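This report concerns only the one structure given below.
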Amino acid sequence: MKENNEAKNQTGETNTPTHFIQNIITEDVAQGNNNGNVVTRFPPEPNGYLHIGHAKSICLNFGLARDFKGKCHLRLDDTNPCKENVEYIGSIKEDVAWLGFNWGDNCFFASDYFEQLYSFAIELIKKGKAYVCDLSAEEIREYRGTLTEPGKESPCRSRSSEENIELFQKMRAGEYANGEKTLRAKIDMTSGNLNMRDPVLYRILKVLHHRTGDKWCIYPMYDFTHCLSDSLEGITHSICTLEFEDHRPLYDWVLDNLETSCHPRQIEFARLNLTNTVMSKRKLLQLVDEKIVSGWDDPVMPTISGLRRRGYTPASIRNFCDRIGVAKRDSTVDMALLDFHIREDLNRSARRVMAVLRPLKLVIDNYPDAQSEELDAINNPEDPSMGTRQVPFSKTLYIEQEDFMEDAPKKYFRLTPGREVRLRYAYFVTCNSVVKDDTTGEITEIHCSYDPETRGGTAPDGRKVKSTIHWVSASHARDVEIRLYAHLLLDQETETKKDFKELINPAHLEVLQGCKAEPALVEAAPGDRFQFERQGYFCADTKDHTPESPVFNRIVTLRDTWKKIQNKNQKKSK
RNA sequence: UGGGAUGUCGUCCAAUGGCAGGACACAUGUCUCUGGAUCAUGUAAUUGGGGUUCGACUCCCUGCAUCCCAGCCA
């Protein structure tokens, strides 16, 4: 694995320690198991959109295949036609590809194996390892026993193989109603593991399947399908989440009792949990259904499509997934780590631009009325090859409301009456006076004088200013809509078992109209990412942005030391 | 109360009988035409109790805590 990490370093990927699954596979390869081959798979059920938790699994499975020079299959686990839908298949493929992974020719469907699965079921029956059961769903539940008490055997358990085969064939032929019969494995009704108490292998479901149509009216259960699909595809390592740990004995039982040439090793790891958001399919669906969000791809959603629309880069998500590691312990990763990775990526790559979110008019009294000029601005100080641009400057500008304070506290470095600050890439200005609304007392305009000698932002006499603020020339400004996204859920300060909806951050979205942006932003195409200087990273919305009415989503704020100081002072004064 | 798993800085992950380390977060300082970035420094942990050992996060025993399982869902 050292080599892998070194290779990753050369391509700019982050270096991370090896995890237990890499160690297991390394050992398997060293022992020559599976002839040293590694084949993994990512097996989503097409019944919802992929989210950041799936991204962890995708990066793990495809990453392992990459590191061990093997393959990773994409397999749509479509064994329950009641819950699944074709429309999800496209989004799943799109999301995996967008994350940067390639399954080549290896996109499969569990439903591709229905005929083979049926043959395996017949084989099991012939061996006396499975039987058709007449018990109803409720009866099966009663017979199963409880966590602490053993179950009891079904009266159908002792049917002959011949009878079972005939019955199973009739099940397939549609001679029974939904729920009238099931095919069950004959294992052990007294097992401490409930999954081993004669689990259902096939159920009757008279519904159309999105791929096989009306060909089948019996459908195999997950426990029967998954292990055999893995085996059929020659998967060597079948990686899944912790809740399937109890299913592993059944996974192995099925493969051990059937003539299969490949017995993959199931390995379980802990799924991703993230602070400040929800990850369960049920809650995500609830947000969509109750219109708390605009859809699965709402930029506040932790879905891959939501993150994409928000402006996250695939690399930032991959780096995040590498960094969180893989282990068996239940854990909750701090959202701050995701924030860190998107900032890290965009700091290197995003073009800088000036935009004023909450405009305050600033007039430079000693600047000629009709004059305007073009000033050089650097596109990305982290990457000189991105060049410079021209930014128009004139007598009347907009600055950020929060960059001016009439009565400023000690540590406030920005504009305040009598103080000189730098307008980024432009001039030093000093605030002389303030215009207020007669009735509300609200500051409507501030008046400054500028020093013509400081053009470009440096003073020939070498004098310094405490701060630099961004600005936009009023007459050249473009009006834009800006959607300020924040974490979906509030920080949970105390352990709470409340309905998660009570924890939704009321400020998870704030829409700002009439924001002012420099003309360079006209060129923005949907999906383009920028750093709005001193504010954060923003992405032109892929659905709503047009050159005529630009819309930008805030991906993440810049780190904000000033806000921290303010918060601290607020706490002190409380 | 049956079965399965897991307990290491605030958070996530390492250390596989030999100096408990990294990342994020936090704090302090440096630098800066972004209160950004950078750079430097610091704070901070082995679930409790026994045992084995020259030496235990690691092995053994025993508590405790947390998570998963009683779908004809995956």
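Chain letters run A, B, ... following the sequence lines, proteins first, then strands; residues in each count from 1. Every heavy atom of this structure was used, including side-chain atoms; hydrogens, water molecules and symmetry mates were not. Every value quoted in this text rests on a predicted model; they were computed, and no experiment measured them.
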Query raised in the report: Is A:Arg343 near enough to B:U38 that one of its side-chain N or O atoms lies under 4.0 angstrom from OP1 or OP2?
Result: no
Query raised in the report: In terms of the nearest nucleotide of RNA chain B, which residue is placed more toward the 5' end: A:Thr146 or A:Thr79?
Result: A:Thr146
Query raised in the report: At under 4.0 Å, does any side-chain N or O of A:Ser331 touch on OP1 or OP2 of B:C13?
Result: yes
Query raised in the report: Dot-bracket for RNA chain B: what is it, with Watson-Crick or G-U pairs under 3.5 Å, [ ] where a pair crosses earlier ones, and | for a pair to another strand?
Result: .((((((..((((....[..)))).((((.........))))....(((((..]....))))))))))).....
Query raised in the report: Can you tell me if the side-chain N/O atoms of A:Asn347 get under 4.0 Å from OP1 or OP2 in B:A37?
Result: no
Query raised in the report: With a 3.5 Å cut-off and just heavy-atom distances, do the side chain of A:Glu243 and the base of B:G4 make a donor-acceptor pair?
Result: no
Query raised in the report: On a whole-Å scale, what distance lies between the C1' atoms belonging to B:A14 and B:C19?
Result: 16 Å
Query raised in the report: Hey, are A:Glu400 and A:Arg534 close enough for a salt bridge, meaning a charged N less than 4.0 Å from a carboxylate O?
Result: no
Query raised in the report: Looking only at N and O atoms, is any donor in the side chain of A:His341 or the base of B:A23 less than 3.5 Å from an acceptor on the other one?
Result: no
Requested in this report: Indicate, yes or no, whether a donor-acceptor pair under 3.5 Å links the base of B:U34 to the side chain of A:Gln531.
Outcome: yes
Query - Parallel, tilted or perpendicular: rings of A:Phe108 and A:Tyr113 (30°, 60°) - result: tilted
Report task. Drop me the distance from A:Asn61's CG to A:Ile239's CD1, to the nearest 0.5 angstrom. Result -> 4.5 Å
**Report entry** Carboxylate-amine/guanidinium contact A:Asp77 A:Arg41, below 4.0 Å
**Finding:** no
**Report entry** N/O (side chain, A:Arg141) to phosphate O (OP1/OP2, B:G71) under 4.0 Å
**Finding:** yes
Could you pull out the protein-nucleic contacts involving nucleotides 14-16 of chain B (nitrogen or oxygen on both sides, under 3.5 Å)?
residue, atom, partner, partner atom, Å
B:A14, OP1, A:Val326, O, 3.3

Report summary line: When A:Gly325 and A:Tyr537 are each assigned the nearest nucleotide of RNA chain B, the 5'-most assignment goes to A:Gly325
